[in-house]
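Inspection log for the structure reproduced underneath, given as structure tokens.
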Amino acid sequence: MRIAVEGCMHGDLDNVYSTLLHLQEVQNIKIDLLLCCGDFQAVRNEKDLESLNVPPKFRSMNSFWKYYSGEKVAPFPTIFIGGNHEASNYLWELYYGGWAAPQIYFLGFAGVIKFGNIRIGGLSGIYKSHHYNMGHYEKLPYSEQDIRSIYHVREYDVHKLLQIEEPIDIFLSHDWPVGITACGDLKALLRQKPFFEQEIQEGTLGSKPAAELLGKLRPPYWFSAHLHCKFAALVQHEKDGHSTKFLALDKCLPGRNFLQVIEIESGPGPHELQLDEEWLAITRKYNAVLPLTIKNANYNVHLGTEQCLQFVRNKLQTRGSKPFEFVQTAPCYKPFQPVADGVFHGFYKNPQTEALLQFLELEYLLNKMLESRKPAANLAPLISGCSFDYLGEDIPIDDIDDTEDSKEVDPEYAQEG
């Protein structure tokens, strides 16, 4: 099986797909699957841009909307995770994972899916310690602070991934596991990105939860993005002698290393997406304690692991393992046609999510997002002793040269990458 891996998409689906189609033709190969490591930017319409953590002058519809509307169809099955520049209102609809567009599957805030007999796991977002032990408290309409915190990795989602016992073949994270730079050519990395050195020395470049998952899951392949450079590493796991090939990739720009094609052994097929039995069981076990406030989850759950596995196994035997069908939930962008006044383009109850939870016989908890929220200022007393620097919170990325008007680059956008 040939799998293409892409770094940060930044909404540029047209160019990534055309590059891969050209590669197929020139090298006379067939690509079976595309994986994207975040900053996908699944923007359906102008309203979605309001939930995208990008300064207004840099917001652009790009090309995802064409695939959402049906104007175009992805030429390869595509699986992506979220990064720190996403249409977060849409991805929250698909918190558990689902089709963001035909042939384009979002792995969820955390998730596992099978493609043929290849098992792919992923963790969306980036790690920030001050939000890690909180719940998913953000509610629409998002405040300026919510837009910058909703994509921060939460301990609840990592806890679920740490329950995985069956082997994972490929894992995706947006930011790098902390410490990964010690397993590759550090000197070459610092020649390219010299300002990484201090954070590497301090042990703060990357994600601590991702490193914990790397040590627990020990997948043969791990792919990341976020830092807008290519970096390879080989991690030797002392526990069982296994190793992980790590690769980080750049974003889609001319002359940049944003794509890699790998060959991986797989069964004869069919090569199509299937729901993962173990992950569904973990979801069933922990869904009741999904934290939707500032407080983290209480993991005192009443369902047993084997009980959940047997429940899911019986359900899949009856229904089959195909993901639930894609459904449009928001109006599609129409070029040259203004958005109608008074039309709500924010959060919708996605039928895919509803169907999955009904299948697992679970309560739909995400509708709490529809409740009216207090002004953002009233949130501060609930977070005692915390001071969040939202303007400088993300790892500095030297993307000034990526913008046409480099003299007017918003410093915050240049930092977040």
Side-chain angles (χ1 to χ4, degrees), residues 1-44 60-83 85-87 98-107 113-118 120 122 169-170 172 174 221 223-226 228-230 232 245 247-274 322-323 325-326 328 332-333 335 402:
M1 181 188 299
R2 285 188 178 89
I3 299 176
V5 185
E6 198 268 340
C8 296
M9 182 72 81
H10 287 284
D12 203 0
L13 282 71
D14 281 352
N15 279 331
V16 171
Y17 287 141
S18 64
T19 301
L20 289 173
L21 289 169
H22 176 72
L23 181 67
Q24 277 194 151
E25 183 178 351
V26 170
Q27 297 193 4
N28 193 27
I29 61 173
K30 180 183 182 298
I31 293 171
D32 298 292
L33 176 68
L34 170 63
L35 302 177
C36 177
C37 301
D39 284 357
F40 191 80
Q41 296 186 8
V43 177
R44 302 164 294 182
S60 172
M61 286 302 303
N62 295 320
S63 56
F64 171 78
W65 65 270
K66 301 174 186 177
Y67 301 86
Y68 180 79
S69 68
E71 178 180 322
K72 291 187 174 184
V73 177
F76 316 97
T78 302
I79 299 173
F80 74 96
I81 58 167
H85 298 300
E86 303 291 358
W99 298 108
Q103 284 271 90
I104 301 175
Y105 192 89
F106 174 49
L107 203 49
I113 197 79
K114 292 178 70 177
F115 184 73
N117 67 338
I118 302 300
I120 301 165
D169 299 294
I170 297 172
L172 310 176
H174 187 57
Y221 296 93
F223 301 109
S224 297
H226 189 46
H228 294 174
C229 64
K230 184 175 182 179
K245 295 178 180 179
L247 181 66
L249 291 163
D250 209 328
K251 67 175 179 177
C252 179
L253 282 174
R256 305 284 278 267
N257 294 309
F258 65 91
L259 273 175
Q260 183 81 29
V261 177
I262 66 167
E263 289 193 44
I264 186 169
E265 291 186 9
S266 66
H271 292 162
E272 58 186 25
L273 262 65
Q274 304 170 60
K322 286 187 178 182
E325 293 183 4
F326 167 72
Q328 288 185 4
C332 301
Y333 173 66
D402 297 343

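By the neighbour-count criterion of 12 heavy atoms within 6.0 Å, atom NZ of K66 is densely surrounded, having more than that number from other residues, nucleotides or ligands. Around the CD atom of E272, the shell of radius 6.0 Å holds more than 12 heavy atoms that belong to other residues, nucleotides or ligands.
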As a quick check of understanding, evaluate side chain to side chain contact (heavy atoms under 4.5 Å, CB included) for H10 and N62, giving each step before the final call. CA-CA 8 Å; H10 287 284; N62 295 320; 5.7 Å; no

Given the rule in the side chain to side chain contact (heavy atoms under 4.5 Å, CB included) test, do V5 and I170 qualify, once you have shown the distances and angles that lead to the verdict? CA-CA 11 Å; V5 185; I170 297 172; over 6 Å; no

Check against side chain to side chain contact (heavy atoms under 4.5 Å, CB included), F40 and I104: CA-CA 11 Å; F40 191 80; I104 301 175; 3.7 Å; yes

Using the rule given for side chain to side chain contact (heavy atoms under 4.5 Å, CB included), can you reason through C8 versus H174, listing the C-alpha separation, both sets of side-chain angles and the distance that settles it, and then say yes or no? CA-CA 8 Å; C8 296; H174 187 57; 3.6 Å; yes

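Taking the six-membered ring for Trp and thresholds of 30 and 60 degrees, Y68 and F326 have ring planes more than 60 degrees apart, a perpendicular arrangement.
Between L107 and I113 the shortest side-chain heavy-atom distance falls below 4.5 Å. Counting only heavy atoms from C-beta outward, the side chains of L253 and F258 never approach each other to under 4.5 Å. Taking the side chain as every heavy atom from C-beta outward, P75 and Q103 never approach each other to under 4.5 Å. Residues F106 and E86 fail the side-chain proximity criterion, which asks for heavy atoms closer than 4.5 Å. Within the 4.5 Å cutoff, side-chain heavy atoms of K72 are placed close to those of D14. Between H271 and L33 the shortest side-chain heavy-atom distance does not fall below 4.5 Å. At a threshold of 4.5 Å between non-hydrogen side-chain atoms, the residues F223 and L247 count as touching. Here the side chains of L259 and L23 are not in contact, with every heavy-atom distance at 4.5 Å or above.
What you find for A74 and P102 is that their closest heavy atoms are CB-O, 4.3 Å. The minimum heavy-atom distance linking C36 with L172 is given by the pair O-CD1, 4.1 Å.
A distance-only check finds no donor-acceptor pair linking the side chain of H228 to the backbone of D250 [under 3.5 Å]. Between the side chain of D32 and the main chain of R2, a donor-acceptor pair closer than 3.5 Å is present. Using a distance-only test at 3.5 Å, with no hydrogens or angles considered, a donor-acceptor pair links the side chain of S63 to the main chain of L13. Remark: the backbone N or O of H85 is paired with a side-chain donor or acceptor of D39 at under 3.5 angstrom.
Of the inter-residue distances, the one linking L20 atom CG with L34 atom CG reads 6.0 Å to the nearest 0.5 angstrom. Between the CD1 atom in I81 and the OG atom in S224 there is a gap of 7.0 Å [rounded to 0.5 Å]. In this structure, CD on E265 lies 9.0 Å from CD1 on I118, to the nearest 0.5 angstrom. Remark: L35 CG to I262 CD1 distance equals 7.5 Å, nearest 0.5 Å. Rounding to the nearest 0.5 angstrom, the gap separating the CD atom in Q328 from the OG atom in S69 is 7.0 Å. The distance from atom CZ of R44 to atom CE of M61, rounded to the nearest 0.5 Å, is 10.0 Å.
Residues meeting the ring pair (Phe, Tyr, Trp, His ring centres under 6.0 Å) test with Y105, sequence neighbours left out: W99. Qualifying ring pair (Phe, Tyr, Trp, His ring centres under 6.0 Å) partners for Y17, counting only residues two or more places apart in sequence or in other chains: Y67.
Aromatic rings of Y333 and F64 (six-membered ring for Trp) have centroids beyond the 6.0 Å cut-off, not under it.
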